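Remember, it's 1-based here, ligands and their atoms both numbered in the order they're listed. Keep in mind the model is a prediction, meaning the values are calculated, not measured.
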Amino acid sequence: MSRLAVLIVAAGKGERTGLNLPKQYEKVAGKPMLRRTVEAFGSVGNRFIQVVIGPGQEALAAEALAGLDLPSPVRGGATRQESVRLGLEALAASFDENGAPDYVLIHDAARPFVSRQIIEAVTAALEAGARAALPMLAVADTLRRKEDARWSIVSRDGLFRAQTPQGFVFADILAAHRAHAATPVTDDMALAELADIRVVHVEGDERNFKLTTREDFSMANAILSAGETRTAMGYDAHRFTDGDHVWLCGIKVPHDHGLLGHSDADAGLHALTDAILGCIAAGDIGQHFPPTDERWKGASSDRFLAHAASLVADKGGVIVHCDVTLICERPKIGPHRQAMRARIAEILGLGIDRVSVKATTTEGMGYTGRREGLAAQAVATVRLAP
Ligand code: CTP
Ligand code: MG
């Protein structure tokens with residue numbers, strides 16, 4: 001396994017935003033931008049993430065990064081270039097006993113929308129043998145250059161915009177920064193090129209823009225409030241057997257039969273778990289909790305539902321609403337409906353007004369009508385951060 005470090009530079013002053021705080025500590029949809037950026041990397045595998053902050057920003061950084069398992073931020077310099085070099089030196093020192101990291105991804109704190117695809121593309125290029133990997137995007141607008149009082153058109157043929165994260169063989173980029181500390185450049189790839197390191201290009205991402213102005217913050221807030229909404233369904237059925245109660249939607253309901261199943265046979269929670277897994281295309285309940293696994297024998301199904309909810313949260317998603325329909329002649333659901341809604345709301349951490357439980361019979365028709373078993377279907381809606 002190669003060792004990969006991520007260096008996130010957050011030591012700037014953010015002067016172009018005209019906002020009160022250095023921009024990396026300003027909130028984007030309620031969360032400091034720096035925290036969003038760090039979490040974007042944290043959610044893509046286990047990585048060593050080193051943050052570089054400006055002098056006097058310790059308290060702001062501590063607040064923005066509270067609760068995250070990170071090494072202490074190190075102090076940057078007067079320019080981005082200097083901040084990166086100081087960060088690389090800190091990485092070299094902190095890895096001392098075990099040797100330096102093999103690769104480093106260097107990223108601007110001001111790009112909180114960095115995607116899993118970009119992180120993986122840059123990493124994959126390094127692991128495939130590239131010594132430097134640069135995400136780039138073609139230029140779409142017509143470009144003009146002002147020369148004295150005249151504007152001339154600049155052909156956009158062959159022009160690209162460089163983004164971060166830029167990926168490097170750690171020893172290469174540390175050496176390049178040390179050797180060219182006195183040559184001012186605007187990104188790390190420029191130093192790699194000065195050091196004659198061949199660069200591999202990967203596809204950038206329009207969303208991975210650098211928040212520079214106040215308008216960029218408005219746009220970022222708009223993107224996050226939009227999000228992406230997904231709806232999915234789930235279905236489950238269990239056969240009646242001997243017993244004196246059934247579990248439905250997390251509630252123990254007295255009945256003249258029980259339900260047959262490997263776990264507690266709570267068809268309501270099983271259908272809902274599948275609906276939530278469906279929203280994030282994360283397979284189905286049987287895949288996560290195989291019925292062949294002894295651990296789930298007799299298990300109470302609230303843990304299946306809580307697991308599905310945690311997978312949504314891991315993706316930065318929020319469950320917006322869920323709706324369960326129980327299909328049976330008996331037991332009567334009405335008297336338990338409120339308790340079922342409350343229990344589901346509790347497991348999912350949702351307001352009860354976002355949880356619906358309904359019931360119907362099938363008028364004596366089919367297996368539920370013959371009282372051989374009962375069925376449940378569920379629909380869930382999830383909003384995913386873009
Ligand atoms: N950066 C840094 N150290 C500096 C200057 C910049 O670590 N001395 C970081 C910024 O925090 C940012 C990234 O480099 O994450 C890109 O820089 P930029 O967008 O220019 O941010 P600022 O320099 O903070 O903004 P401005 O130029 O508007 O003052
Ligand atoms: Mg700057």
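In this comparison of Leu7, Leu86, Val9, Val52, the heavy atom closest to atom 15 (O) of ligand 1 sits on Val9. Comparing Glu82, Lys13, Lys210 against atom 18 (P) of ligand 1, the shortest heavy-atom distance belongs to Lys210.
Scanning all protein heavy atoms for the shortest distance to atom 27 (O) of ligand 1 gives Arg16 NH2, 2.9 Å. With respect to atom 7 (O) of ligand 1, the closest heavy atom belonging to the protein is Ala11 N, 2.9 Å. At the shortest separation from atom 29 (O) of ligand 1 among protein heavy atoms lies Glu15 N, 2.7 Å. For atom 8 (N) of ligand 1, the closest heavy atom belonging to the protein is Gly77 O, 2.9 Å. Nearest protein heavy-atom neighbour of atom 13 (C) of ligand 1: Asp108 OD1, 3.3 Å. Nearest protein heavy-atom neighbour of atom 1 (N) of ligand 1: Gly12 N, 3.5 Å.
Side-chain atoms of Leu65 and Leu34, non-hydrogen and from C-beta on, do get closer than 4.5 Å to each other.
Residue contacts with ligand 1: Thr212 is placed with no nitrogen or oxygen under 3.5 Å of a nitrogen or oxygen of the ligand (distance criterion only). At under 3.5 Å, not a single nitrogen or oxygen of Thr17, backbone or side chain, sits near a nitrogen or oxygen of ligand 1.
For His262 and Phe289, the ring centers are positioned 6.0 Å apart or more. A ring-centre distance under 6.0 Å is found for His270 and His238. Remark: aromatic rings of Phe209 and Phe113 are close, center separation under 6.0 Å.
Checking Thr273 against His288 by side-chain atom types alone, no donor-acceptor pair falls below 3.5 Å. No hydrogens or angles considered: nothing links the side chains of Lys23 and Thr17 as a donor-acceptor pair under 3.5 Å. With 3.5 Å as the limit, one finds no donor-acceptor pair spanning the side chains of Asp266 and Ser301. Counting only N and O atoms by type, the side chains of Asp205 and Gln163 include no donor and acceptor under 3.5 Å apart. A donor and an acceptor atom, one from each side chain of Ser152 and Glu147, are located under 3.5 Å apart.
Heavy-atom separations between Gly14 and ligand 1 include at least one value shorter than 4.0 Å.
In Arg80, the parts holding a heavy atom less than 4.0 Å from any atom of ligand 1 are both the side chain and the backbone. Using a 4.0 Å cut-off between heavy atoms, Lys23 contacts ligand 1 through its side chain alone, with no backbone atom that close. Residue contacts with ligand 1, taken as heavy atom pairs separated by less than 4.0 Å, do not involve Arg111 at all. Contacts of Ala78 with ligand 1, taken as heavy-atom pairs under 4.0 Å, involve the backbone alone. Proximity of Ala10 to ligand 1, defined as any heavy-atom pair under 4.0 Å, is confined to the backbone N, CA, C and O atoms.
Atoms of ligand 1 lying under 4.0 Å from any heavy atom of Ala110, numbered from 1 in the order shown and given with element: 15 (O). Ligand-side atoms of ligand 1 in range of Ser83: 2 (C), 3 (N), 4 (C), 7 (O), 8 (N), range being under 4.0 angstrom from any heavy atom.
Between His255 and His257, the ring-plane angle classifies as tilted under the 30° and 60° cut-offs.
Look at Asp141 and Arg156 and you find no salt bridge, because none of the NZ, NE, NH1 or NH2 atoms lies under 4.0 Å from a carboxylate O.
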